[in-house]
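Step one of this worksheet: look at the structure below.
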Amino acid sequence: MTQKILVLPGDGIGPEITAQASRILAACQARGLDVEVEEGLLGGAAYDAHGEPLPVETLEKAQAARAILLGAVGGPEWDRLEDLTKRPEKGLLGVRKQLGLFGNLRPAITYPQLAAASSLKPELVAGLDIMIVRELTGGIYFGQPRGIEERNGERVGFNTYVYSESEIERIGRVAFEMARKRDKRLCSVDKANVLEATILWREVMERLAPEYPDVELSHMYVDNAAMQLVRAPKQFDVVVTGNMFGDILSDAAAMLTGSIGMLPSASLNESGQGMYEPCHGSAPDIAGQGIANPLATILSVAMMLRYSLDAPVLAERIEGAVGKVLDEGLRTADIAAEDTRTVSTAEMGDAVLAAFEAL
Ligand code: NAD
């Protein structure tokens, strides 16, 4: 059956990088991938056209799609909007919420060719390949009650860290399944020495473990996990954690790889419907210059093929093509080094496409 893909270029460099990723998607179609691709507006671009960051038309297209490829949203031109519900990020959060995208997959991979770009010593990060599975729709970012109120003559801010067993179980299953497909090691990160919500988190992970006897489950407190990530990151295979800890740890892990322009991500719901996007933002400082790195977005297409479209062979082909282009010494400005050749966004797209066809 033909599956629908929705491409949402978004703002800033979004249109430039999704244009290159769409070329790779078209090359996959030419090799038999049975998908129908359409485009939509999200974020600032949608606000400018329709007065809403998530127009009804885009939401309907998103609901009908098996997978969404997003560039990025946001930029200074919309930061001044006083009505916060009209801000570009609200469009992104709206899609996540409406589609119930609770499982955020954030790989942190260091390509050997780029190990020197990391802030850690190359030997600590060369060959790094971690998958952080972050719960995305629950936890303290959404818990009620929340607010700022007057108590005993002063203002008090408060939030609620809450997870139900079913929420923990469904993200746990995503992580165990992920570990199964990789090195079969899963580290669950919590703060069970202090927070009751994460005592429950640990209990549920333990309860699931016997169903996955081939996966080795371990637990780590989040403070230690932060330390271990910068001390010896290669000890991790799959990490599973709640929304807030995952937010912080996945950004730290991303920086270990040396370039945010290289990292894809996926957000999935229970039926495998997913949104795929680079980890970086809309980079307004370089938008329109044709110099943005399209590789994170191209690698997001590979994740889409693997996790929503069941086409792992094409996914590997894209990843192989990216590796080959890096081997050839081609780099966009953000990852350029002394002995490399700096290319534009489109030239990088050309090179990946050529490598994809040649493999
Ligand atoms: P950013 O990731 O957009 O940019 C940070 C730095 O990295 C900039 O110097 C930028 O030029 C560079 N950079 C990012 N991606 C690059 C790429 N592909 N190639 C080359 N260089 C790249 O983060 P920011 O500056 O904090 O945010 C800019 C805007 O993006 C804001 O409006 C923010 O809200 C938005 N944002 C959106 C998303 C998203 O859509 N998922 C995520 C983060 C930030």
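Note that the structure is predicted; figures quoted are calculated from it, not measured. We count residues from 1, following the sequence as given. For ligands, and for the atoms within them, numbers begin at 1 and follow the listed sequence.
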- Counting from 1, what ligand 1 atoms have a heavy atom of D334 closer than 4.0 Å? 19 (N), 20 (C), 21 (N)

- Considering only protein heavy atoms, which is closest to atom 33 (C) of ligand 1, and at what distance to one decimal place? V73 O, 4.4 Å

- Row check, F102 ring normal vs R134 NZ/CZ: under 6.0 Å, within 45°: no

- Message: Please report whether atom 27 (O) of ligand 1 has a protein non-hydrogen atom at a separation of less than 4.0 Å.
- Response: no

- Distance filter under 4.0 Å to G74 heavy atoms, resulting ligand 1 atoms: 32 (O)

- Task: Distance to 0.1 Å, residue and atom name: give those for the protein heavy atom nearest to atom 22 (C) of ligand 1.
- Result: I286 CD1, 4.1 Å

- Task: Assess I17 for proximity to ligand 1: is some non-hydrogen atom of it under 4.0 Å away?
- Result: no

- Is the closest basic N to carboxylate O distance between K86 and E52 below 4.0 Å? yes

- Task: For the residue pair W78 and D11, confirm or rule out a side-chain donor-acceptor distance under 3.5 Å.
- Result: no

- Task: Give, for atom OH of Y161 and atom CG of N243, the distance between the pair rounded to the nearest 0.5 Å.
- Result: 8.5 Å

- Item | Sidechain N-carboxylate O distance under 4.0 Å for R202, E206 | no

- Task: Scan side-chain atoms only and decide if Y141 and D247 contain a donor-acceptor pair under the 3.5 Å cut-off.
- Result: yes

- Query: Can a donor-acceptor pair be found between the side chains of E135 and T137 at a distance below 3.5 Å?
  - Reply: yes

- Task: Identify, for atom 25 (O) of ligand 1, the protein heavy atom at the shortest distance, and state residue, atom and that distance.
- Result: P284 CD, 4.7 Å

- Closest to atom 19 (N) of ligand 1 among protein heavy atoms sits N293 N, 2.9 Å

- atom 8 (C) of ligand 1: nearest protein contact (heavy atom, Å): D285 OD2, 3.4 Å

- Query: Side-chain donor-acceptor pair under 3.5 Å between Y111 and T257, yes or no?
  - Reply: no

- Task: Provide the number and element of each atom of ligand 1 under 4.0 Å from a heavy atom of A72.
- Result: 40 (O)

- Residue L92 vicinity, atoms of ligand 1 by number, heavy atom under 4.0 Å: 39 (C), 40 (O), 41 (N)

- Query: Is ligand 1 under 4.0 Å from a heavy atom in the side chain of D11, in the backbone, in both, or in neither?
  - Reply: neither

- Query: Thinking salt bridges, do K61 and E39 make one under a 4.0 Å N-O criterion?
  - Reply: no

- Please say whether D79 places an N or O atom under 3.5 Å from an N or O atom belonging to ligand 1. no

- From E347 CD over to I291 CD1, what is the distance, rounded to the nearest 0.5 angstrom? 12.5 Å

- Would A296 count as a contact of ligand 1 if the rule is a heavy atom under 4.0 Å away? no

- Query: So with a 6.0 Å cut-off around NZ of K90, is the heavy-atom count from everything else above 12?
  - Reply: no

- Does the protein put a heavy atom under 4.0 Å from atom 5 (C) of ligand 1? no

- Query: Among all protein non-hydrogen atoms, which one is nearest to atom 43 (C) of ligand 1, and what is the separation to 0.1 Å?
  - Reply: G281 CA, 3.5 Å

- Query: Knowing that exactly one of L42, L101, I5, V95 qualifies, which makes a side-chain contact (heavy atoms from CB on, under 4.5 Å) with I68?
  - Reply: V95

- Where ligand 1 meets E277 - atom numbers and elements under 4.0 angstrom, heavy-atom basis: 41 (N)

- Can a salt bridge be assigned to the pair R170 and E270 using a cut-off of 4.0 Å between side-chain N and carboxylate O? yes

- Query: Is there at least one pair of N or O atoms, one from A283 and one from ligand 1, spaced under 3.5 Å apart?
  - Reply: yes

- Query: Which ligand 1 atoms are under 4.0 Å away from a heavy-atom of A292?
  - Reply: 19 (N)

- Item | atom 15 (N) of ligand 1: nearest protein contact (heavy atom, Å) | H280 CG, 3.1 Å

- Query: Nearest to atom 7 (O) of ligand 1, what protein heavy atom do you find, and at what distance?
  - Reply: I260 CG2, 4.3 Å

- Query: Is there at least one pair of N or O atoms, one from G75 and one from ligand 1, spaced under 3.5 Å apart?
  - Reply: yes

